[in-house]
Amino acid sequence: MTTAAAGGADEVPPADTHSSARPSVPAPRKPSGGRGTGPAPAPDGAPSGSPGRRFRGVTGTRRVVAALFLAPALVLLGALVVYPIGYSVYRSFLDQAGTGFAGLDNYKALFTDETIRTAIKNNAIWVVFAPTVATALGLIFAVLTERIRWGTAFKLVVFMPMAISMLAAGIIFRLVYDQAPERGVANAVWVGVHDTFAESAGYPNAHPLPVHPLKPGGGGSFVTKAPVRAGEPVHLPLVGVAPAKMPSDAKPARAAKAEPGKVTGTAWLDFTKGGGGRPNVIDAKELGLRGIEVQAVKDGAVVASAKAGADGVFTLPASADGAELRLPASNFREPYNGVEWLGPTLVTPAIIGSYVWMWAGFAMVLIAAGLAGLPRELLEAARVDGANEWQVFRRITVPMLAPVLSVVLVTLMINVLKVFDLVFIIAPGSSVADANVLALQLYRSSFGTDADLGIGSAIAVLLLLLVLPVMYVNIRRIRKEGRR
């Protein structure tokens, strides 16, 4: 004991005989919390942390914050989307005044009213053709612009119509499709091509004066007052044609020379601009009626015919001797005025053309983005194996672009189901009924002169039902792509 006390710090306390063989191991430290470890349970079930405070999980806190941030958006969504949809469904079952229950009468009207049935038919045409043509053009543009030097500039030009509003595009194409060739670009081009291959020399409202050697021949034609003789030049003057309406290649009229055994003559506009002309006399400034047809008639039968040249001179064979000369009614038809683009027959295809002009650039940009991501080694391998460009395009490029093409097609289908602006602006009043679509009919039924909000609401519900399947397909595709 004394030795132990004297030893002080060197004294070793007696060890437990049961633990003398075990090494001294420090007690493990309590984890302070971290990934994969939870807080140590408090004794007797007391809550961890500071006294009187209950622990809140991070997830619970985020739910509250998320709810606070989403609340304004949810309120707006309910006020601007959910409520209008619900009220439209409710209103579609009421009568025109909104005070009585109409049952399914409004929905029956959608398929019995001729105007609404035309709108449904036109919507079907839009859904089938407009997205298909726009997507096809976008695919062609995207593939071809990869091979040209100025591909970026071309894409910019094609995409530029997307920067124009539907209202502005409608005004532009209302002018493009104008019936008058001097205003409408489409008819100006069409008439120019037509007149290149077919002669168009009508002289509407042209007629002779009482002092002229012509008289009405019935059916809009004119005949000479006396039979003609070979070797004696004939004068066939007319008036009633504005000089500005004369053919651009008409030349100053000249007197025909007598030819033995033949009937010659001159058909001209007997009018001198500025005055001073003499009737039945070919004056220096008077123009020939180029292209006018002259027929020789004996006993009601046409024995010969000819057309006047640019100077109005014509020549008939000897068989015309002793015949009456007739200017048939076909000479006085209206000149070719192009195609009635906005008439009842072509108004819907014409408006679809304006839509394609706007949206082909959108399709081209999306498809070009998908095309840029294609593995080039597959295309090169196909070419090395002997495939031509058409086979590479049809069997490799198009199948690999199928997801992108479906995105573009579905997006445009949803868009055309709601088309309104172009039809409302481009279609003239005489063709609105033939170009009618559901969105336009919705506006007319709800806010027109005979407004019926019951039918308008039923049309809105029908449009919603038509859009939902397309949206469902699109959402499924997006989710499928997200899982890859």
Side-chain angles (χ1 to χ4, degrees), residues 85 88 110 115-142 158-174 176-177 341-342 344-367 402-427 431-446 456 458-478:
I85 292 176
S88 295
L110 300 183
T115 302
I116 303 177
R117 288 170 60 186
T118 301
I120 295 174
K121 180 192 73 175
N122 288 338
N123 256 102
I125 295 173
W126 271 87
V127 169
V128 171
F129 290 101
T132 305
V133 176
T135 304
L137 285 178
L139 176 61
I140 293 171
F141 291 155
V158 175
F159 188 75
M160 196 175 295
M162 285 296 298
I164 303 175
S165 68
M166 286 281 196
L167 174 65
I171 294 173
I172 291 171
F173 275 88
R174 180 66 182 268
V176 168
Y177 292 134
W341 299 103
L342 300 181
T345 304
L346 295 177
V347 62
T348 295
I351 300 175
I352 290 176
S354 66
Y355 178 89
V356 171
W357 175 78
M358 287 191 66
W359 286 87
F362 167 81
M364 178 197 66
V365 170
L366 291 187
I367 295 172
V404 179
L405 295 176
S406 65
V407 170
V408 175
L409 198 61
V410 170
T411 303
L412 293 181
M413 288 176 66
I414 295 173
N415 187 270
V416 299
L417 281 171
K418 303 178 294 180
V419 68
F420 166 81
D421 316 60
L422 291 176
V423 181
F424 182 73
I425 297 168
I426 296 178
S431 300
V432 169
D434 299 285
N436 199 15
V437 290
L438 283 174
L440 178 58
Q441 185 59 39
L442 167 62
Y443 171 80
R444 297 172 67 188
S445 296
S446 301
I459 296 174
V461 174
L462 176 62
L463 271 175
L464 176 65
L465 294 177
L466 293 175
V467 170
L468 284 179
V470 184
M471 292 181 63
Y472 174 73
V473 171
N474 207 22
I475 292 172
R476 283 197 61 184
R477 184 202 57 77
I478 293 173

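In this text, all values refer to a predicted model and were calculated from it rather than measured experimentally.
We find the OG1-CD1 distance between T135 and I367 to be 6.0 Å, quoted to the nearest 0.5 Å. Rounding to the nearest 0.5 angstrom, the gap separating the CE atom in M160 from the CH2 atom in W357 is 10.0 Å.
Contacts of Y177 classified as side chain to side chain donor-acceptor pair (under 3.5 Å), with partners at least two apart in sequence or in another chain: none. Listed by chain and number, the residues in a side chain to side chain contact (heavy atoms under 4.5 Å, CB included) with S446 are L442, L453 (sequence neighbours excluded). In this view, L417 and N123, V127, L466, V467 satisfy the side chain to side chain contact (heavy atoms under 4.5 Å, CB included) rule, not counting sequence neighbours.
Nearest heavy-atom pair, I116 versus L110, reported as atom, atom and distance to 0.1 Å: CG2-O, 3.4 Å.
Here the options are L409, V408, I414, the test is side-chain contact (heavy atoms from CB on, under 4.5 Å), and the partner is L412; only V408 passes.
F362 has its ring centre no less than 6.0 Å from the ring centre of F159.
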Q.
Show, in sequence, the C-alpha distance, side-chain angles and deciding distance for Y355 and M166, and conclude whether the side-chain contact (heavy atoms from CB on, under 4.5 Å) test is met.
A. CA-CA 9 Å; Y355 178 89; M166 286 281 196; 4.2 Å; yes

Q. Can R174 and L342 be said to form a side-chain contact (heavy atoms from CB on, under 4.5 Å), step by step?
A. CA-CA 9 Å; R174 180 66 182 268; L342 300 181; 4.0 Å; yes

Q) Can you list the steps and then say if K418 with L438 is a side-chain contact (heavy atoms from CB on, under 4.5 Å)? A) CA-CA 8 Å; K418 303 178 294 180; L438 283 174; over 6 Å; no

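Checked by atom type and distance alone, the side chain of S354 pairs as donor or acceptor with a backbone atom of I351 at under 3.5 Å.
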